[in-house]
Amino acid sequence: MKKRILSLALVGAMCVALLASCGGKKNATWKVTCPWAPSGVAAMVSQQAATKSTSYSDTITLVAEAIKGDAATVNTWVADTKANDTELVFVGEGLLSITSILDPDKMQFGYEDFVFVENLYSSIFVLSADAKLNINNIADLKAYVEQGSEISVAVNGATSSEAFLAAALFGSMGAGDKLKLTPYQSAAEAAQAVARGETQFAVSHQSQILETFQQKGVTVVCAFDENDIANGPFAGVEGVGQHGYPYFRNRCFVMARAGTDEAKVKELKELYGKILADKEVADWLHSTMLLEVDTMSVEDVEAHIENVKNIVNEYKDIVAG
């Protein structure tokens with residue numbers, strides 16, 4: 001009898017210790033859906049974050065899922081996901097600010113269907129030019145535009161963020177009627193087109209034009225940001241905002257389903273914050289991907305969405321015809 005009591009006491013003590021070590025919480029696996037190119041920037045960063053998640057949380061494991069999709073993928077996600085489901089999805093200005101204006105029928109959801117968790121990264125787009133044109137800065141670009149020639153720009157998709165940045169820059173310079181946007185199937189392909197002589201210019205992520213720049217096939221004229229690029233191989237490249245031209249960064253918002261418990265959202269945001277503050281992750285983002293850590297508040301997100309909407313509304317006739 002004494003042995004049985006001792007055994008029960010031992011089991012009880014083990015259970016208490018186990019609960020204490022886990023904080024009484026169960027581990028939850030959160031699937032993070034990237035509804036864009038499976039080999040694209042967002043998918044790669046999401047996978048990096050997922051790999052690091054177990055280093056910073058005993059209760060949340062992130063699992064990255066990347067699929068080739070668009071608004072229809074997010075439509076399905078919204079339709080199939082309820083508040084407090086362990087599901088996250090990426091949404092950015094492409095859907096919330098561009099598709100919502102140009103093709104709203106594609107979207108069976110709105111910003112109100114999500115609750116913001118964190119911004120995964122920030123990417124500063126750059127304008128590159130065929131090296132033979134010898135355009136090295138905004139002053140050179142203005143002089144070229146004033147010649148009145150047709151301007152061809154390679155972009156990733158006909159109504160992409162890149163297309164609107166090109167339209168905003170050249171439109172602001174008074175050359176919207178001379179602008180020809182040439183859409184490609186991928187951002188990397190668009191970035192390479194200018195070096196092949198298919199277009200005079202290209203708008204791309206910095207990482208996508210780096211190799212061509214290093215091979216001296218292109219010059220990098222300006223950055224679509226407020227200030228000059230501060231770090232990396234393109235440090236010193238002028239920001240268009242200093243000259244009064246419109247701009248926005250490419251951002252990638254991690255979203256949960258609207259109505260998800262505030263405590264869960266807070267826990268997820270704190271986890272992403274720790275992952276993005278990790279030196280290995282930050283170095284990889286800066287050095288390999290040429291991206292920036294750019295954690296945001298809900299107010300920051302809404303201001304970004306409205307800024308891009310304003311640019312889309314002003315230049316949609318140039319882009320969409």
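Predicted model only: the values in this text are computed from it and were never measured.
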Visitor: Same hydrophobic cluster for L290 and F213, using side-chain heavy-atom links shorter than 4.5 Å among ILVMFWY?
Guide: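 Yes, because L290 and F213 connect within a single hydrophobic cluster, where side-chain heavy atoms sit under 4.5 Å apart.
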Visitor: Between the side chain of N250 and the main-chain N/O of S123, is any donor-acceptor distance below 3.5 Å?
Guide: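 No.
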Visitor: Taking all atoms of both residues into account, what is the closest heavy-atom pair of S204 and I209, and its distance?
Guide: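 Here S204 and I209 meet closest at OG-CB, 3.6 Å.
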Visitor: Nearest heavy-atom pair of V155 and S160: which atoms, and what distance?
Guide: CB-OG, 4.2 Å
Visitor: Checking N227 against Q242 for the side-chain hydrogen bond (donor to acceptor under 3.5 Å, both in side chains) test, could you report, in this order, the C-alpha distance in whole Å, the side-chain angles of both residues, the deciding distance, and whether it holds?
Guide: CA-CA 6 Å; N227 299 310; Q242 297 179 92; 5.2 Å; no
Visitor: May I have the step-by-step check of side-chain hydrogen bond (donor to acceptor under 3.5 Å, both in side chains) for Y184 and Q192, ending in yes or no?
Guide: CA-CA 10 Å; Y184 286 82; Q192 295 160 7; over 6 Å; no
Visitor: Quick one: do T182 and E198 satisfy side-chain hydrogen bond (donor to acceptor under 3.5 Å, both in side chains)? Show the steps, please.
Guide: CA-CA 9 Å; T182 304; E198 296 173 14; over 6 Å; no
Visitor: Going only through I, L, V, M, F, W and Y residues with side-chain contacts under 4.5 Å, is there a path from M44 to V91?
Guide: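 No.
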Visitor: Mind telling me whether F170 and F201 have parallel, tilted or perpendicular rings, with 30° and 60° as the class edges?
Guide: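 Ring orientation of F201 relative to F170: tilted.
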Visitor: Mind checking whether F114 and W77 have parallel, tilted or perpendicular rings, split at 30° and 60°?
Guide: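 Parallel: the ring planes of F114 and W77 meet at under 30°.
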Visitor: I'd like to check K309 versus I305 (side-chain heavy atoms, cut-off strictly below 4.5 Å). Are they in contact?
Guide: yes
Visitor: Restricting to non-hydrogen atoms, name the atom on V194 and the atom on A129 that form the minimum distance, rounded to 0.1 Å.
Guide: CG2-C, 3.9 Å
Visitor: Just wondering, are more than 12 heavy atoms of other shown residues or ligands nearer than 6.0 Å to CD in E262?
Guide: no
Visitor: How far apart are the closest heavy atoms of I135 and T219, and which atoms are they?
Guide: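 Heavy-atom minimum between the residues: O-OG1, 2.5 Å.
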Visitor: What are the two closest non-hydrogen atoms of C34 and F90, and how far apart are they?
Guide: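 Smallest heavy-atom distance, with atoms named: CB-CD1, 3.6 Å.
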Visitor: Are more than 12 heavy atoms from other residues, nucleotides or ligands located less than 6.0 Å from atom CG of N231?
Guide: no
Visitor: Side chains of S172 and Y315: any donor to acceptor distance under 3.5 Å?
Guide: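 Indeed, the side chains of Y315 and S172 share at least one donor-acceptor pair under 3.5 Å.
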Visitor: Quick check on Q185: does its CD atom have over 12 non-hydrogen neighbours (other residues, nucleotides or ligands) under 6.0 Å away?
Guide: no
Visitor: Are the ring centres of F248 and F164 closer than 6.0 Å?
Guide: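 No: the rings miss the under 6.0 Å criterion.
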Visitor: Tell me whether R257 is salt-bridged to D85, with the criterion being a basic N under 4.0 Å from an acidic carboxylate O.
Guide: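 A salt bridge is absent here (no side-chain N lies under 4.0 Å from a carboxylate O).
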Visitor: With a sphere of 6.0 Å drawn around CD of E280, does it hold more than 12 non-hydrogen atoms of other residues, nucleotides or ligands?
Guide: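 12 or below, so no.
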Visitor: If you compare all heavy atoms of I318 against all heavy atoms of A167, which two are closest, and at what distance to 0.1 Å?
Guide: CG2-CB, 3.8 Å
Visitor: Taking only residues two or more places apart in sequence, or in another chain, which ones meet N156 in a side-chain contact (heavy atoms from CB on, under 4.5 Å)?
Guide: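 By the side-chain contact (heavy atoms from CB on, under 4.5 Å) rule, N156 matches E162, A187.
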Visitor: Start with the C-alpha gap between Q48 and Y121, add the side-chain angles, then the distance that decides, and say whether side-chain hydrogen bond (donor to acceptor under 3.5 Å, both in side chains) holds.
Guide: CA-CA 12 Å; Q48 184 82 350; Y121 61 80; over 6 Å; no
